[in-house]
Amino acid sequence: MNLAIIGAQWGDEGKGKIVDMLAPHFDVVTRYQGGHNAGHTVIIRQGGADQKFVLHLIPSGITHAAKTCVIGNGVVVDPRALIAEMAELRGKGVEVTPRNLKVSNRAHLILPYHVALDRAIEAGRGGNAVGTTMRGIGPAYEDKMARRGLMVGELTDPARLSERLRANTRQANRLLAMLGGEPIDEDRLVEEGSQWCQLLAPHIEDTTYYLNQAMRDGQRILIEGAQATMLDIDHGTYPFVTSSSSSVGGACTGTGLPPSAVGLVIGVIKAYTTRVGGGPFPTELNDETGEAIRARGQEFGASTGRPRRTGWFDAVIARYSVMINGLGALALTKLDVLDELDEIRVCTGYRINGQVTDRVPFDAESLSAAEPVCETLPGWKSPTRGIRRFNDLPSRAQDYLRRLSELSGAPFAFISTGPERSETIVDHDVLRACGLSLEE
Ligand code: IMP
């Protein structure tokens, strides 16, 4: 059975660790959307010691030599970022070859003018800035939808690439001039483009055919989401979202796999909530507790280093994610971050203009006005770091988890009690009930 791993909140839920843990049970790991705005922390074994490494674009399976990693057609690829990440991995002794890293010829390119446009557009938004990662993600998807984007496959035809790079750079420079952004040097870009062709062409392939054939050959595919449900262009807190379909719908459009191939969907969710960038966040804590969670959870962006906004677990969001993605189970992360709190709150509904609702409103204005309706649970005030069996958790932590699962409407297949792979409670009964067996 194939498996999709998807963020159930606003991102940074710890998908990297869960994908990293599960990758050994799969043959192929594929990303389907987003770009190098993501930051997935994985562990690389080098010189006999485990080292943390943050992947931005390449699927987290790359550290497992036998796997094939696929950057699907729904991803936007910055060639500079991809080349740098490949080089960094090789420098750490990780094998990166055309056999184990394949990039879809239909994925769209992020070019330097997209980065310049991202900056200029964000500056123009003033106080309503989305708080993007400034990686050019939005402008690259805009070009794709406006049917003027350049695809990765064009890197296999340097002459055609040069021609199209020149035409697109001229058009983008006109736009940049209007927005007060820095123009891009067309000649330098064309020269750089020919280097990209040399370095990346061996990895480029029609990954739609590759993935479908792999499936017919009985290989198991792990589909790795980036960002998260509440940042989805359709289902998230628009306009404070990313520009791709980060919830499960994107898994099909972004890989060329049919819906029947997706199999089980597991949502990764933190024991509390964080968000980076602008936009509504009903359970946000702008106080000492929020600060304590940020410090203990090391809540600083993996891609940009920005401090993350922190708040209580929001069961309205959790239920919505379970519904949108058809989550069969959840992977709860960072339980240990809450170990020292006296009491812990959980949001069960929103009060908006005096009315209580258990639904996510469609607009950012209503969600910004939402006052969380909360339950308060007692803290467990004892360490949970590294605990590997549910029954070994303090009873109040068990109660907290049961309540979260009940409110969210999905069981926990994994509970992460620390950053290391081994610091995880795995519920094999839940996985088996979902049709997935990880036991050898
Ligand atoms: P963009 O994806 O760079 O356009 O940023 C759009 C919004 O998504 C901003 O609020 C970002 O902070 C947020 N975002 C993008 N990537 C991530 C991520 O990997 N984790 C959390 N938030 C993200």
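Just follow the structure's listing: the first ligand is 1, and inside any ligand the first atom is 1.
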### Task
Before giving the answer on side-chain contact (heavy atoms from CB on, under 4.5 Å), spell out for V346 and Y400 the whole-Å C-alpha distance, their side-chain angles and the decisive distance to 0.1 Å.
CA-CA 9 Å; V346 179; Y400 179 68; 3.6 Å; yes
### Task
Write out all pairs satisfying salt bridge (charged side-chain N to carboxylate O under 4.0 Å, His left out) with one or both partners inside residues 285-297, taking only residues at least two apart or from two chains.
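Matches after skipping sequence neighbours: E291-R294, R296-D339, R296-E340.
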Any side-chain donor-acceptor pair under 3.5 Å between [X] and [Y]?
| X | Y | result |
| --- | --- | --- |
| S366 | D363 | yes |
| N37 | Q227 | yes |
| T273 | D314 | no |
| T348 | D358 | no |

Atom pairs and distances, ligand 1 N/O vs protein N/O under 3.5 Å:
from     : atom 1 : to   : atom 2 : distance (Å)
ligand 1 : 2 (O)  : N37  : ND2    : 2.8
ligand 1 : 2 (O)  : T242 : OG1    : 2.6
ligand 1 : 3 (O)  : T133 : N      : 2.8
ligand 1 : 3 (O)  : T133 : OG1    : 2.5
ligand 1 : 10 (O) : V130 : O      : 3.3
ligand 1 : 10 (O) : V276 : O      : 3.2
ligand 1 : 12 (O) : G131 : O      : 3.3
ligand 1 : 12 (O) : V276 : O      : 3.1
ligand 1 : 12 (O) : R306 : NH2    : 3.0
ligand 1 : 16 (N) : N37  : O      : 3.4
ligand 1 : 16 (N) : Q227 : NE2    : 3.2
ligand 1 : 19 (O) : N37  : O      : 3.3
ligand 1 : 20 (N) : D12  : OD1    : 3.1
ligand 1 : 20 (N) : D12  : OD2    : 3.4

